[in-house]
Trainee: 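Take a look at this one; I'll ask things after.
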Amino acid sequence: MRLELVNLSKKFRSMRGEVEAVKNISLTVEEKEFFVLLGPSGCGKSTLLNLVAGLERPTSGEIRFDSDLVAATGRKIFRSPKERNVAMVFQNYALYPHLKVYDNIAFPLKIEKWDKSEIENAVKKAADILGIAGLLNDKPSELSGGQRQRVAIARAIVREPNIFLLDEPLSNLDAQLRMSMRTELKNLQRRLEITTLYVTHDQTEAMTLGDRVAILKEGEIEQIGTPLELYDKPRNIFVARFLGSSPINIFDAEITAEEDKIFIRIAGNRIELPHNRMEEVRGFKADKVIFGIRPEDVEPQSDAEGSPVAGEIQDIELLGRETLLHISVDDNTVRALSESSKWEIGQAVGIKFVMEKAHFFESE
Amino acid sequence: MNRIFSKDILRSYFFLLPFAVFIIAFILIPVVGAVINSLYKDVTFREREFLLFDNYISLFKDSGFWQSLRFSMLFILVSVPFELILGLIFALLLNQIRRFRGLIWAAVLIPWAIPSAISARTWELIYNYNYGLANYLLSGIGITGEPINWLGTNVGAFISVVIADAWKTAPFITIILLAGLQGIPENLHRQSRVDGANFLQGFQKITLPLLKPVIVVALLFRTIDALRVFDVIYVLTGGGPGGATTSLSIFGYNYYINGDFGYGSTISVVLFAVAFGLSILYVKLSRFEAGLR
């Protein structure tokens, strides 16, 4: 099932006034795609999910499942969640506390009035897939967080939905469980080939799970792309900052042209720009730019003298195979990832920026 | 170690003391007193005489007692479910309201806050045969040609009393159930909609089962209150016509004001026993529910 959102908006009216949670969003999720909506809390990603589910009515715009309009404000079409045949998993799992695991999973089928034997087969199949066949007679209150999660997912897949909607399904799990469930979820989605829309605020989840990711901010899409596209070619500072487990370095910088060379001034240091980046920077309207570089593209040098930028190590974080250095340069701090761990606090170091990987953004 | 422990226990008893004094003074002593009284012939200006169970024997032979017991049971059976359904409907409606919630909740509670004697007087005016609002409205719509004798017939009086009582106590049930509804996570309702349930299915399969423990509590309170019903009936019908709306409380009260404390106490003890039995039944029931969750 292909999902298409066209100029979708949602306004909420409250006593404090009108809030536009989703602003004129258009996007397409291809058939069998794992699509992630990523953004900070309050960016409208859950509202967007509820609009697709049919739990909220759009203020304007259209939603299509393949060629079927399931919501169109202009033509007064609004299909219920049932008619859309979507399945949803909530952050707190929303298991029915008074029903046994079996009846929780069977609930959507009982509503659809399936035969008893059919229900039993479907529930057993879903429970087997998620490895919870032994828990069918338990009450949700007797289960651990991870088990509840599995029950919620089993209930979602039991009736072969058109679209699978997941609202931060892993955020209530502890770190280890979250990692293993992440892998499992991805494999499950590949195997079942159900179009999936996944909401999260966790960039690692988005990067690891998504075939494509949309980054949302204040109800608008900042950028859509594969995780690598977003990571390597962020369109703006917001996207650049949001992705990456150690945050990107951002500095104010100034461009100066001398003869046929372009230099960039960062915190009193002058760095020459490689030829392949010149065109991009020439297009900028102002001389002042914002310079971004990821910690892995900053190379600390033990010999401070010969480097264009010099600094002093302030702090060292051991991350395992790599070491994150906080290097003070004048009043700024530069984060650098190093594969070596032979660093000391207070050590004078040189810094080399891999300019080919640097990001330039127009300052506002 | 042991000394500190016993000191703590002493301290906790000390904190319980005010409540214990209250219970002993206003509940335990009157109950024990009534039980003792019920064993005597105790009428004003006459000598007290020990009878053992004679009062109880005469009570069980008293047709007035059976009539009021029958009325009280019928009153419970009709008014409590009626109030429960009304309260549930209001609670479901109020639960949907997002704006001015506090104000509307407060407004709903007003009938509960008005003293029964006052609201019963108001209802008496509404039920008045000649100029009451009830007959005015009914004849105005043209449902009845003749005005209804609300308080003067057995059936009319019963209905009048039930309606007046429901008006007053449905808000109480509403508030209790509303609190229960608020306790059901919004996501469960959303989940049930995604799972394909319509409003009725969601109510029947999700809301109602989750509300059950709260309903049991509301039922317990209301049943015991309905068993003891006094003020509304006393003001509206005084127990009439012909004893048709005499509740157990009014039946006992009539003996007390005539100075027959022994027989009045006997009725009170029976009333207490029935209420106590009902409480235990409900508590057992609600524990059973808790075990199911």
Side-chain angles (χ1 to χ4, degrees), chain A residues 12-16 46-47 49-50 52-56 79-100 103-114 139-142 151-152 154-159 161-169 172, chain B residues 88 91-92 94-107 176-219 285-293:
Chain A
F12 288 106
R13 284 181 194 87
S14 73
M15 282 168 87
R16 264 171 266 134
S46 290
T47 306
L49 203 68
N50 288 336
V52 174
L55 290 169
E56 302 275 5
R79 303 242 183 286
S80 69
K82 184 187 177 132
E83 291 168 309
R84 296 183 192 195
N85 188 24
V86 291
M88 198 157 174
V89 174
F90 290 92
Q91 180 178 347
N92 52 11
Y93 322 132
L95 298 182
Y96 306 122
H98 59 297
L99 299 178
K100 287 177 178 175
D103 295 309
N104 260 286
I105 301 175
F107 190 85
L109 308 181
K110 282 184 179 164
I111 293 288
E112 281 178 23
K113 303 213 161 61
W114 285 29
K139 281 281 177 68
S141 57
E142 297 163 337
V151 176
R155 178 175 58 186
I157 64 171
V158 73
R159 67 203 156 111
N162 284 333
I163 294 181
F164 202 15
L165 305 169
L166 299 134
D167 193 353
E168 309 232 5
N172 279 12
Chain B
L88 186 59
L92 288 171
L94 286 180
N95 196 33
Q96 300 297 319
I97 290 175
R98 298 273 175 268
R99 287 177 184 207
F100 309 114
R101 183 178 259 176
L103 210 67
I104 294 171
W105 284 27
I176 289 190
L177 296 189
L178 202 45
L181 285 172
Q182 304 271 304
I184 301 175
E186 178 60 26
N187 269 356
L188 286 188
H189 298 302
R190 291 173 162 255
Q191 181 70 53
S192 77
R193 277 167 67 200
V194 172
D195 284 343
N198 57 32
F199 175 79
L200 215 65
Q201 288 167 321
F203 175 73
Q204 187 196 337
K205 291 183 198 294
I206 307 298
T207 311
L208 207 54
L210 291 176
L211 210 53
K212 241 181 190 169
V214 186
I215 289 177
V216 170
V217 170
L219 276 180
L285 262 174
S286 59
R287 282 231 185 96
F288 176 60
E289 282 302 325
L292 276 183
R293 287 194 92 183

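Below, chains carry the letters A, B, ... as their sequence lines are ordered, and counting in each starts from 1.
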Trainee: Do other residues, nucleotides or ligands put more than 12 heavy atoms under 6.0 Å from the NZ atom of A:Lys82?
Mentor: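 Enclosed.
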
Trainee: To check you understand the geometry: which heavy-atom pair defines the closest contact between B:Val194 and A:Arg159, and what is its length?
Mentor: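 Shortest heavy-atom separation between B:Val194 and A:Arg159 comes out as O-NH2, 3.2 Å.
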
Trainee: Evaluate the side-chain proximity of A:Ser80 to B:Asn198: yes if any heavy-atom separation is below 4.5 Å, no if none is.
Mentor: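 The answer is no, as the side chains (C-beta and beyond) never meet within the 4.5 Å cut-off.
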
Trainee: Considering all heavy atoms of both residues, which atom of B:Asn187 and which atom of A:Ala94 are nearest to each other, and what is their separation?
Mentor: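 Heavy atoms only, the tightest pair is O-CB, 3.9 Å.
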
Trainee: Is there a side-chain contact between A:Phe107 and B:Lys205 in this structure, where contact means two heavy atoms from C-beta onward sitting under 4.5 Å apart?
Mentor: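 Yes - at least one pair of side-chain heavy atoms lies under 4.5 Å apart.
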
Trainee: Do B:Arg190 and A:Glu56 make a side-chain contact, defined as non-hydrogen atoms from C-beta onward lying under 4.5 Å apart?
Mentor: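 They are in side-chain contact.
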
Trainee: Please report the C-alpha distance between B:Asp195 and A:Met88 in whole Å, then the side-chain angles of each, then the deciding distance to 0.1 Å, and finally whether the side-chain contact (heavy atoms from CB on, under 4.5 Å) criterion is met.
Mentor: CA-CA 8 Å; B:Asp195 284 343; A:Met88 198 157 174; over 6 Å; no

Trainee: Any non-hydrogen side-chain atom of B:Lys212 less than 4.5 Å from a side-chain atom of A:His98?
Mentor: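 Heavy-atom side-chain distance check fails, nothing below 4.5 Å.
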
Trainee: Taking all non-hydrogen atoms of both residues into account, name the closest pair between B:Gly196 and A:Ile111 and its distance.
Mentor: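 That would be O-CG2, 3.2 Å.
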
Trainee: Examine whether an atom of A:Asn50 lies under 4.5 Å from a heavy atom of chain B, and if so say whether it belongs to the side chain, the backbone or both; otherwise answer neither.
Mentor: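 The side chain, not the backbone.
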
Trainee: Considering only heavy atoms, which portion of A:Leu109 lies under 4.5 Å from any heavy atom of chain B: side chain, backbone, both, or neither?
Mentor: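 Neither part.
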
Trainee: Could you tell me which non-hydrogen atom of A:Pro81 sits nearest to which non-hydrogen atom of B:Arg193, and how far apart they are?
Mentor: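 Answer, listing the atom of A:Pro81 first, then B:Arg193: CB-O, 3.5 Å.
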
Trainee: Shortest non-hydrogen contact from A:Lys113 to B:Gln201?
Mentor: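 Where A:Lys113 meets B:Gln201 most closely, the heavy atoms are NZ-NE2, 4.1 Å.
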
